[in-house]
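Below: the structure, in structure tokens.
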Amino acid sequence: MDFDSIDIKWNSRWNDLDLEKYQGNHNKKYYILEMFAYPSGDLHMGHLRNYVLGDVFFRYKKMRGFDVIHPVGWDAFGLPAEEAAIKRDVAPDSWTMDNISVSSSTLKRMGLLYDWEREVITCRPDYYKWTQWIFLKLYEHGLAYRKESYVNWCPSCNTVLANEQVEQGACWRCKSKVVKKKKEQWFIKITDYAERLLKGLEQLPEWPENVKTMQRNWIGRSEGLRVNFPVEDSSESIGIFTTRPDTLFGVTFIAIAPESDILEKLDIPDKYRNDVEDYIESSLMKTEIERTSTIGEKDGVFTGLYAVNPLNDNKVQIWAADYVLASYGTGAVMSVPAHDTRDHAFAKKYSIDIKPVIKPQDELWDFNKDAYTEEGILFNSGEFSGLNSQEAIEKISQFVEDSKLGIRDVNYRIRDWLVSRQRYWGAPIPMIHCEKCGIVPVSEDELPVLLPDSQEIDFIPKGESPLSTSSDFINTVCPKCGGKARRDADTMDTFVDSSWYQLRYVDANNSESIFSKEKADNELPVDMYIGGIEHANGHLIYFRFITKFLKDIGMHSEEEPALKLVNQGMIMDREGNIMSKSKGNAVPVGPFVEKHGSDLARGTMLFIGPGYKDALWSEDGIKGMHRFIERLEKATVEYAPHFRGNCGPSSDTEKSVYVKLNQTIKQTGGDIEAFEHNTAIASIMELLNLVNQKKEQMRQEFTASVLFTMTRIVSPFLPHIGEELHSLYAPDTESVFLTEWPVYDSKYLSEDTVTVVVQINGKVRAKLDVPPDITENEIYDRAISEDNVKKYTDKGTVVKKIYVKKKLLSLVVK
RNA sequence: GCGAGAGUGGCGGAACGGCAGACGCGCUGGAUUUAGGAUCCAGUAGGUAUUCCCUGUGGGGGUUCAAAUCCCCCCUCUCGCACCA
């Protein structure tokens, strides 16, 4: 079979037929989206899997009568293009556009059907204009703000990073150790949406449970109490957040994060001032890894100050300690060494009091050795002694609120989204800094703020944004007062670009607005979203957040961007490493397809295992798929001349083949929906094997009819070959994908006889071929007349009989 | 440490309370062939007294007539979070 010419023939036919175009039928609308790719060279097998899974689903849904939307685009801004540009001395834009061109032709060569008229490329001004517009809207609604704080800094990439881009204390891209650096940066107030992002997960029954769990943990909601501890001999007070108000009477010190601004406000006695300042400085020098690798080994420094526990007027020491996070809660904690392991370790190290207030279940608890962190009964807690922890949490919180000592509060682990980057290859932040007016947004009609040409700028990252070196770019006038002003020199995190692309797809060529509401309401939400699990806590949270925001400002009506999410498994190499360009183990798709043809590549990829499981890429599977295709072709070509239309069975042999056919139709459809393409293909193989085995005993026209149906159900997996073979039987049909998916006949899902297993005391002793409607008594009589059953029943008496219809008869003999 | 998931032939994997190993790769033997390749046929978990029987789904226990599948404990691996008070 000449794969090349079949590929070319059908690719061009599909193109002529506009198969990939949405017809506008809202009631049958089905929006399939694969996470768009970062164009870093040609596509590799990992990308291919993503696209193939989408394309199979597209073709299947099409055959099931859906009006399918299937767009494609490129997540084109970002670090790798710059790195490649620096390394190869090429421009980031041309490098990116070249890669897009190579990858696009691979997709087209594969015959993957996308509506290219909707293509988006995030690095083009017609797209990033609207990314900038979203930023302006966020600013307008108070959700974008600039703040100086200690941020994650990657010393190798020379840029700040969002919390989501720090993995185990290291940069997600280059794995360098991340340090804290004080910088004024743009943040997006995603924390305002924390509660809705959390609640919204409940409305996503078709998202994988693990992704939802990961998001819940990332958002990290906890309820507690905020209490003010007045500082002794001062008008200041220190606010703390606790989820354990029941331990309030056990507080023996307060610990403050070194980078917290609380410390700056305190009037630290001269005697201690130097030590505290030295400590703050040394903490900030540490990398995140150094700070977190010493879990258990806490250190800190006494400030010389005391605070007063408002519940019992106890005087407690105030410490600076870097086991406290500045960015969570208030930046200070009440420390209860008796009931918190971290506080315990700290108290032991610095000989601070350990004061138990919760009675452990184990009366002999040694508080000197360990903290008791479970709940229990309170003691040494004034009027609250004797209550259990749950009651005490409620009563103490109420008391604190009533006496105006503090309030109940909810804290989230998720942090505001730091979006400015000191890099060249991104969308410029559309803000202007005016000496007189301060921060002024660029007016909407001035968008896009164009990124300067890479030829005219030194884009090698040096710590400040490369855009600041371009005087043409940076110098501007204030939109408000007309005076001298400077543009913001930072670019946006690429995750902003990808947080809304599914919305642009509905109206990709709109130059008047971001997208039309009418189109969005007709085409949204995404019905099936396919992509890797690595985006669970990054992209998939931003994507949900921005969708909600755009809904809130009236741009569309959907609360959630995607109804169903499928995480396709990673493609690994033999050593078990994820296939990626940066690891150097990527197998490119282009040459592989040139050599083997698109369907063989596709079939091998699908047969490797279920789409949602990780899989090792190996070329060993090619041979089996190749043989299957050849056997399918051979049989189909041989019987084409005998085809007389659909034909029912007229003999026992034909009936058994017909039953297998109907079972296969049913299974294939179900497996596609479940992303278990390996078993779908296996069942078609079984059917073909059976036909080949029985074809001599069947009428030619019947065999032809079975093979005809087979060409239709194999088409989503092997579209070019499916079409070619289908056309031998239905030369007048324009495309198999314009025909309806075969309907299985439920009368023919099981055979005239079924094999029933006979078990005695749990072991299989016989197998009986019986009619499916046989009664329990009948089958029992037949079973006990079998020699191999008799052998065992004669040894005792049958005390129990269990008959599972069409499956098994289980006898207990004693 | 916390959270999620996984552990089945030589390999990818099926079965997800009811015949363990579907389908495919590989391997062994045979046919065809000058040979190689390709194709076709038979076999392919281990043991064994070979149409029988026994043992086998990371290890140990449990529930059940019946467990790879459900429950408990342990081991190993992968992923996510990682001092979140």
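Heavy atoms only: backbone and side chains are in, while hydrogens, waters and symmetry mates are out. In the text below, chain A, chain B and the rest are named by the order of the sequence lines, each starting its count at 1.
Ion pair Glu167(A)/Lys175(A) flagged as a salt bridge, since at least one NZ, NE, NH1 or NH2 atom sits closer than 4.0 Å to an Asp/Glu carboxylate oxygen. Ion pairing between Glu686(A) and Lys660(A) holds under the 4.0 Å rule for side-chain N and carboxylate O. Between Arg221(A) and Glu223(A) there is a salt bridge, since a side-chain N of the basic residue sits under 4.0 Å from a carboxylate O of the acidic one. The existence of a salt bridge linking Arg627(A) and Glu630(A) is excluded, since no basic side-chain nitrogen approaches an acidic carboxylate oxygen closer than 4.0 Å. The existence of a salt bridge linking Arg408(A) and Glu394(A) is confirmed by a sub-4.0 Å separation between a basic side-chain nitrogen and an acidic carboxylate oxygen. Salt-bridge formation is not detected for the pair Asp353(A)/Lys355(A): no Lys NZ or Arg NE/NH1/NH2 atom is positioned less than 4.0 Å from an Asp or Glu carboxylate oxygen.
Remark: Arg765(A) is in phosphate contact with rC53(B), judged by side-chain N or O atoms under 4.0 Å from OP1 or OP2. A close approach under 4.0 Å does occur between a side-chain nitrogen or oxygen of Asn788(A) and OP1 or OP2 of rC53(B). Between rA85(B) and Tyr328(A), a contact under 4.0 Å exists linking OP1 or OP2 to a side-chain N or O. Put simply, Arg413(A) has no side-chain N or O that comes within less than 4.0 Å of OP1 or OP2 on rA85(B). For Lys800(A), no side-chain nitrogen or oxygen approaches OP1 or OP2 of rU64(B) to under 4.0 Å. Contact annotation: Asn689(A) side-chain N/O to rA22(B) OP1/OP2 distance is not under 4.0 Å. Close to rA22(B), at under 4.0 Å from its OP1 or OP2, lies no side-chain N or O of Lys660(A).
Rounded to the nearest Å, the gap between the P atom of rG61(B) and that of rG29(B) is 42 Å. Taking the C1' atoms as reference points, rA68(B) lies 40 Å from rC83(B), given to the whole Å. Spacing between rG13(B) and rC25(B) at atom P, rounded to whole Å, works out to 16 Å. For rC70(B) and rC23(B), the P atoms lie 25 Å apart once the distance is rounded to whole Å. Taking atom P in both rG80(B) and rA85(B), one finds a spacing of 22 Å when rounded to whole Å. Comparing the P positions of rU57(B) and rG46(B) gives an interatomic distance of 15 Å, to the nearest angstrom. Atom name C1', nucleotides rG36(B) and rG43(B): the rounded distance is 24 Å, in whole Å. When the P atom is used for both rU69(B) and rG18(B), the distance is 11 Å, rounded to whole Å.
For rG80(B), the base has no donor-acceptor partner in the side chain of Glu534(A) [N/O atoms by modelled type, under 3.5 angstrom].
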Output one line per pair: protein atom, nucleotide atom from nucleotides 71-73 of chain B, and distance, for all N/O pairs under 3.5 Å.
none

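Tyr792(A) comes within 4.0 angstrom of the backbone, heavy atoms only, and of no base. Within 4.0 Å (heavy atoms only), Asn411(A) reaches no atom of the nucleic acid at all. Contact annotation for Lys767(A): base contact, defined as any heavy-atom pair under 4.0 Å involving a base atom. Counting non-hydrogen atoms under 4.0 angstrom, Thr242(A) reaches the backbone sugars and phosphates but no base. Residue Arg415(A) is in base contact, counting any heavy-atom pair closer than 4.0 Å across all strands shown. Nucleic acid contact class of Val324(A) (heavy atoms, under 4.0 Å, all strands): base. If you check every strand for non-hydrogen atoms under 4.0 Å, Lys814(A) touches nothing. Nucleic acid contact class of Val804(A) (heavy atoms, under 4.0 Å, all strands): base. Contacts of Arg627(A) with the nucleic acid, taken as non-hydrogen atoms under 4.0 Å apart, involve only primed sugar atoms and P, OP1 or OP2. Lys801(A) comes within 4.0 angstrom of no nucleic acid atom, judged by non-hydrogen atoms across all strands. As judged by a 4.0 angstrom heavy-atom cut-off over every strand, Ser222(A) is placed among residues touching the sugar-phosphate backbone only.
Each of rC83(B), rU55(B), rC81(B) was ranked by its minimum atom distance to the side chain of Tyr323(A); first place goes to rC83(B). Side-chain proximity of Thr243(A) to the nucleotides rU55(B), rC19(B), rA85(B) is greatest for rA85(B). With distances taken from any side-chain atom of Asn537(A) to the nucleotides rC65(B), rC81(B), rG26(B), the minimum falls on rC81(B).
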Derivation of the ring pair (Phe, Tyr, Trp, His ring centres under 6.0 Å) call for His339(A) and Phe249(A): CA-CA 11 Å; His339(A) 303 294; Phe249(A) 285 80; over 10 Å; no
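Separating the CD1 atom of Ile684(A) from the P atom of rG24(B) is a distance of 13 Å, rounded to the nearest angstrom. Taking atom CD1 of residue Ile760(A) and atom P of nucleotide rC52(B), one finds them 14 Å apart after rounding to whole Å. Rounded to an integer number of Å, the gap from CD1 of Ile681(A) to P of rA22(B) is 18 Å. One interatomic measurement links the two molecules: NZ of Lys763(A) to P of rC65(B), which rounds to 16 Å at whole-angstrom precision. Here rC19(B) presents its C1' atom at 15 Å from CG of Leu811(A), a figure rounded to the nearest Å. Here rA38(B) presents its P atom at 16 Å from CD1 of Ile629(A), a figure rounded to the nearest Å. Taking atom NZ of residue Lys807(A) and atom P of nucleotide rC19(B), one finds them 8 Å apart after rounding to whole Å.
Ring geometry for His677(A) against Phe717(A) counts as perpendicular: the plane angle is over 60°, on a 0 to 90° scale with 30° as the lower cut. The aromatic rings of Tyr542(A) and Trp417(A) sit parallel, their planes meeting at an angle under 30°, below the 60° perpendicular limit. Using bins of under 30°, 30° to 60° and over 60° for the plane-to-plane angle, the ring pair His535(A)/His539(A) lands in the perpendicular bin.
A cation-pi contact, defined as under 6.0 Å to the ring centre and within 45° of the axis, links Arg765(A) to Tyr792(A). For the pair Lys298(A) and Phe346(A), the cation-pi criterion (under 6.0 Å, within 45° of the ring axis) is not fulfilled.
rG9(B): glycosidic angle within 90° of 0, hence syn.
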Nucleotide-resolved protein contact map, nucleotides 3-13 of chain B, B/S/- at heavy-atom distance under 4.0 Å: SS-------BS
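Along RNA chain B, the nucleotide closest to Ala682(A) and the one closest to Glu164(A) are compared, and the more 5′ of them pairs with Ala682(A). Where Val812(A) and Tyr612(A) each meet RNA chain B at their nearest nucleotide, the meeting point lying more 5' is that of Tyr612(A).
Counting non-hydrogen atoms of other residues, nucleotides and ligands closer than 6.0 Å to CG of Asp794(A) gives a total above 12.
One side chain, Asp769(A) or Thr755(A), offers a donor N or O that lies under 3.5 Å from an acceptor on the other.
You'll find the ring centres of Phe592(A) and Trp617(A) inside the 6.0 Å limit. Between Tyr372(A) and His344(A), a ring centre-to-centre spacing not shorter than 6.0 Å is recorded.
Taking a pair as Watson-Crick or G-U with both hydrogen-bonding distances under 3.5 Å, the stems of three or more pairs touching RNA chain B are B:1-7 with B:75-81, B:10-12 with B:23-25, B:26-31 with B:39-44, B:45-47 with B:53-55, B:58-62 with B:70-74.
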